[in-house]
Amino acid sequence: MQFLERAALDALFDALRAEGRAVLGPTVVDGAIRLAPIDGAQDLPAGWTDAQGPGHYRLRRGGDATFDGYVVGPDSLKQVFFPSKETLYRAERRADGKLGFSPVLPDPGASAVLGVRACDLAAARIQRAALEGGPYAEPRHRARREAALIVAVNCTRPGALCFCASTETGPRVTEGADLVLTERPDGFLVEAPTQAGRAVLARLDTRPAAADEVAWVDDAMREAAANMGREVDLDGLPEQLFGRLDHARWKIVAERCLACGNCTSVCPTCFCSTSEHPSSIDGDEASRVRLWDSCFTEEHAYIHGGGFRPRTEDRYRQWLTHKVGAWVAQFGTSGCVGCGRCIAWCPVGIDLTEEIAALRQGEGIAALPAPPAHACATDEDLVPRAATVTRVERESDDVVTLHVAVDEGLQGVLPGRFCQVSLPGIGEVPISISGGDGALLEHTIRAVGRATDALCALSPGDAVGIRGPYGRAWPLEALAGRPVVVVAGGIGLAPLRGALRSMIARPDEFPEVHLCYGARSPADVLYAKELLGWMEVPTMHLHLTVDHASPAWLGHVGVVTRLLDARSVPAGASAMICGPEIMMRFTVERLAQLGVPDERTWVTMERNMQCATGFCGRCQYGPYFVCKDGPVFSFDQIRFLFGEEGY
Amino acid sequence: MGTPASADLIGDILLFAGLTPPMRAKLAAIAAVEPLPAGATIFEEGDPAGDLYVVLDGRITLSVRIPGEPERSILSLREGELLGWSALLGRKRVATARVVLPSQVLRLRRSELLELCEMDHDIGYVIMRQAFEEMADRLLATRLQLLDVFGPRKR
């Protein structure tokens with residue numbers, strides 16, 4: 001540990017600039033301490049202090065400390081590594097009619113961020129897990145993160161809303177910093193845990209810290225930990241929250257919550273985003289722009305025609321059960337670092353520590369899965385590959401199957417997985433793979449909105465963008481050797497078609513396959529020709545029903561669950577289900593009555609998948625991301641949440 | 001008018017699983033097995049209360065008339081399912097029953113069936129209970145049908 005004179009603080013800026021680093025640091029902007037480019041010690045908020053409370057943040061003059069007079073403002077490293085708005089790629093229509101996609105990747109110059117607190121370094125680690133630690137890594141986030149040198153500050157005077165001691169993320173800086181300052185009246189005690197930090201330190205005129213100064217830091221940290229304005233008990237909280245989804249407190253807090261999303265904007269770990277597809281007026285150039293989003297917006301969980309979380313109580317519950325609940329199952333850590341920002345910046349002063357304490361009072365414990373192990377994350381720049389429609393088959397009034405050739409070919413095309421299909425300037429949608437291989441994909445699409453309308457109107461030769469495939473495939477290896485019952489409702493047959501084709505092609509492994517398929521009417525039956533062919537396949541037993549028909553229809557009439565009996569569900573069978581969620585609910589119940597256990601029942605879930613890589617956070621389903629943990633789940637994985645209103 | 005039903009046949013029908021052999025014999029005495037060709041109409045919507053049927057095999061579809069629209073099939077019945085429950089309540093037929101695939105039905109004569117149920121409440125209980133169970137399943141399926149779960153129709 002070294003000692004740096006207060007007057008020598010400008011030398012730190014010089015040292016950072018000597019390395020070619022642009023310096024960001026705390027400074028007073030618009031009445032708050034923000035993170036902004038600063039030139040020297042004179043820009044730091046020396047002599048300012050903040051007063052924070054629920055729904056309250058004010059700066060006033062007081063004291064003469066450079067860092068110790070205040071704690072965190074609304075900004076955090078999130079703004080630095082994960083900007084609130086950024087272009088992901090540009091698309092252009094080339095002269096040959098094809099689409100050209102070019103990634104927009106940042107070229108961040110070397111930077112230094114000054115005055116970062118322990119809670120925000122913990123938050124950066126947590127955001128890194130979400131954006132770089134899953135099956136995919138976001139290269140833009142990594143580039144910005146790696147370009148930054150962090151000069152952290154130990155908090156010796158925690159604020160009224162601070163509770164990092166109870167989240168074990170502070171007040172002492174223990175991770176993620178290159179230099180750590182601890183402020184004393186006469187100057188700063190400096191530690192340099194990394195090589196990069198030591199290089200900067202070497203440029204400074206410091207002296208070794210005396211033993212009593214080193215001991216003072218320890219004492220100051222102990223005292224700070226004991227002086228937190230708030231506390232929270234996170235122990236066992238995820239299991240409690242998911243066991244108390246009907247707790248009376250959700251309604252009570254929802255009466256105050258405005259669903260404004262301020263808490264998620266200021267939260268240093270919230271990472272949800274949305275995207276837009278702006279285009280030039282002639283449509284020849286377009287781009288995809290990512291923007292921060294909040295789970296408090298209606299759009300967050302919205303898919304064709306309806307939202308999964310219509311009420312404020314659904315959204316608050318989603319936020320809190322994710323932040324301090326599901327987060328643990330997803331990333332092995334709570335999403336709360338005890339910074340208190342969500343309390344200060346909530347316009348009605350909702351206090352997360354109070355809400356957690358209230359929710360702990362109650363009954364109910366749910367078991368949650370352990371975090372998934374992702375051995376290595378592959379880079380995912382979110383840029384589509386150029387592809388061409390080769391054939392269009394009209395399946396019904398509002399459903400078409402596109403055959404798409406991807407120029408570079410695709411790896412991992414398996415039934416149950418899905419691709420992101422896009423049209424520049426219009427949008428991108430997740431579409432399950434209904435057939436095909438690495439060179440040619442089949443996507444069956446129902447026209448239900450802007451992007452799907454446009455996709456359904458394509459003709460052979462038209463260009464599209466394809467990303468993927470993503471997600472978990474049907475576990476055909478696990479299903480082999482037993483009778484299999486496939487239950488499909490409506491367009492739910494699409495993700496099952498490839499699996500059915502595979503099972504038909506492997507009769508030794510799949511000697512008895514029953515397809516129970518329900519459609520709205522005979523005109524809505526998908527793949528009619530192929531179904532007729534399947535009737536001739538000895539291992540395949542087709543049970544088809546429609547909700548209503550004309551008297552000329554000789555097939556079954558009624559919902560698909562009426563097809564499920566001992567004839568279509570043989571003893572020892574496994575099941576695969578895809579269809580509207582309510583149909584899947586009735587089907588699972590009926591199959592359980594017929595002796596199919598939850599662990600041999602596989603379902604595909606549908607939520608608002610936008611990035612398909614786990615980055616955007618929109619397809620969360622309790623502890624899962626439908627895009628990367630699903631869309632195929634065994635029913636025993638999701639039983640505790642399935643059918644829960646507002647999830 | 002078909003062939004007389006045997007007590008064994010009655011015993012094979014899941015619907016009557018709760019009946020003792022003497023009860024089955026009583027039921028067999030008022031029942032007949034009838035083959036029905038495809039295209040036949042068993043009863044029509046609005047017909048007065050008639051006999052009760054159990055589908056033995058084949059496929060029979062219930063349809064309703066909607067003024068100004070083509071007739072619409074709303075439910076098909078197959079092996080083991082009850083047809084014409086309105087017989088048990090003495091109501092008019094609420095749907096038209098058409099044979100779509102060659103079928104066999106067990107036909108229970110209404111007045112004798114009701115009389116049997118009145119005379120022997122044990123038989124009556126089993127029959128009413130089974131009919132109720134099937135109606136409950138059908139109600140649940142109808143609710144699902146009502147929800148029109150396949151999403152909005154094309155705009």
Side-chain angles (χ1 to χ4, degrees), chain A residues 303-306 396-400 446-449 452-453 456 488-493 518-526 543-568 579-587 589-590 593 606, chain B residues 12 14-15 17 37-42 44-45 55 57-66 69-83 95-103 133-155:
Chain A
I303 56 170
H304 54 81
S396 75
D397 260 11
D398 54 356
V399 178
V400 302
R446 183 158 184 250
V448 289
T452 48
D453 282 354
C456 285
I491 198 160
L493 184 57
R520 173 182 273 147
S521 75
D524 294 302
V525 172
L526 299 182
H543 314 268
L544 174 63
T545 187
V546 297
D547 268 10
H548 53 79
S550 83
W553 169 254
L554 301 184
H556 290 291
V557 182
V559 292
V560 72
T561 47
R562 280 178 53 82
L563 295 177
L564 303 173
D565 58 22
R567 286 164 287 196
S568 56
E581 204 162 310
I582 178 113
M583 168 237 136
M584 295 205 289
R585 208 170 86 202
F586 281 84
T587 301
E589 279 168 24
R590 181 82 187 113
Q593 286 167 11
E606 186 177 24
Chain B
D12 287 344
L14 202 61
L15 209 59
T41 299
I42 306 173
E44 287 202 43
E45 194 177 337
V55 183
D57 68 56
R59 186 174 303 155
I60 288 159
T61 294
L62 298 176
S63 56
V64 289
R65 284 189 222 110
I66 308 168
E69 279 184 46
E71 185 175 320
R72 193 183 294 181
S73 296
I74 49 162
L75 188 71
S76 60
L77 301 173
R78 54 180 183 166
E79 185 186 327
E81 293 186 303
L82 202 62
L83 168 65
T96 298
R98 295 187 197 284
V99 182
V100 292
L101 298 179
S103 301
E133 193 146 319
E134 187 159 330
M135 287 309 108
D137 282 350
R138 235 181 261 185
L139 175 64
L140 199 64
T142 303
R143 282 185 187 159
L144 203 50
Q145 220 168 339
L146 261 180
L147 292 173
D148 199 21
V149 296
F150 298 115
R153 281 154 200 287
K154 190 162 176 62
R155 293 132 292 151

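Convention: sequence-line order gives letters A, B, ...; per-chain numbering from 1.
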Problem - Donor-acceptor under 3.5 Å (T61(B) side chain, S76(B) main chain) - result: no

Exercise for the section: Would you mind reporting whether R138(B) and R562(A) have side-chain heavy atoms less than 4.5 Å apart? Expected result: yes

Handout entry: Close side-chain approach of H556(A) to R59(B), heavy-atom, < 4.5 Å
Key = yes

Completion exercise
Interface check, chain A: of T96(B), L62(B), V149(B), L144(B), most non-hydrogen pairs under 4.5 Å belong to L144(B)

Handout entry: Max heavy-atom pair count under 4.5 Å with chain A, selected residue of I74(B), L140(B), L75(B), L77(B)
Key = L75(B)

Fill in the blank from the handout: Heaviest contributor of heavy-atom pairs below 4.5 Å to chain B, chosen from S550(A), P551(A), G558(A), A552(A), is P551(A)

Exercise for the section: Name the option with the most non-hydrogen atom pairs under 4.5 Å to chain B; the candidates are G555(A), G306(A), G490(A). Expected result: G555(A)

Handout entry: Trace of the side chain to side chain contact (heavy atoms under 4.5 Å, CB included) decision for V546(A) with D524(A)
Key = CA-CA 9 Å; V546(A) 297; D524(A) 294 302; over 6 Å; no

Problem - A519(A), part contacting chain B, at a heavy-atom distance under 4.5 Å - result: backbone

Practice task
Determine, stepwise, if the pair R520(A) / D397(A) fulfils salt bridge (Lys or Arg N to Asp or Glu O under 4.0 Å).
Solution key: CA-CA 12 Å; R520(A) 173 182 273 147; D397(A) 260 11; over 6 Å; no

Exercise for the section: With a 4.5 angstrom heavy-atom cut-off, could you sort out which part of E81(B) is near chain A: side chain, backbone, both or neither? Expected result: side chain

Exercise for the section: Select one option (side chain, backbone, both, neither) describing which atoms of L147(B) are under 4.5 Å from chain A's heavy atoms. Expected result: side chain

Handout entry: Closest heavy-atom pair and its distance - V559(A), Q145(B)
Key = CG1-N, 3.6 Å

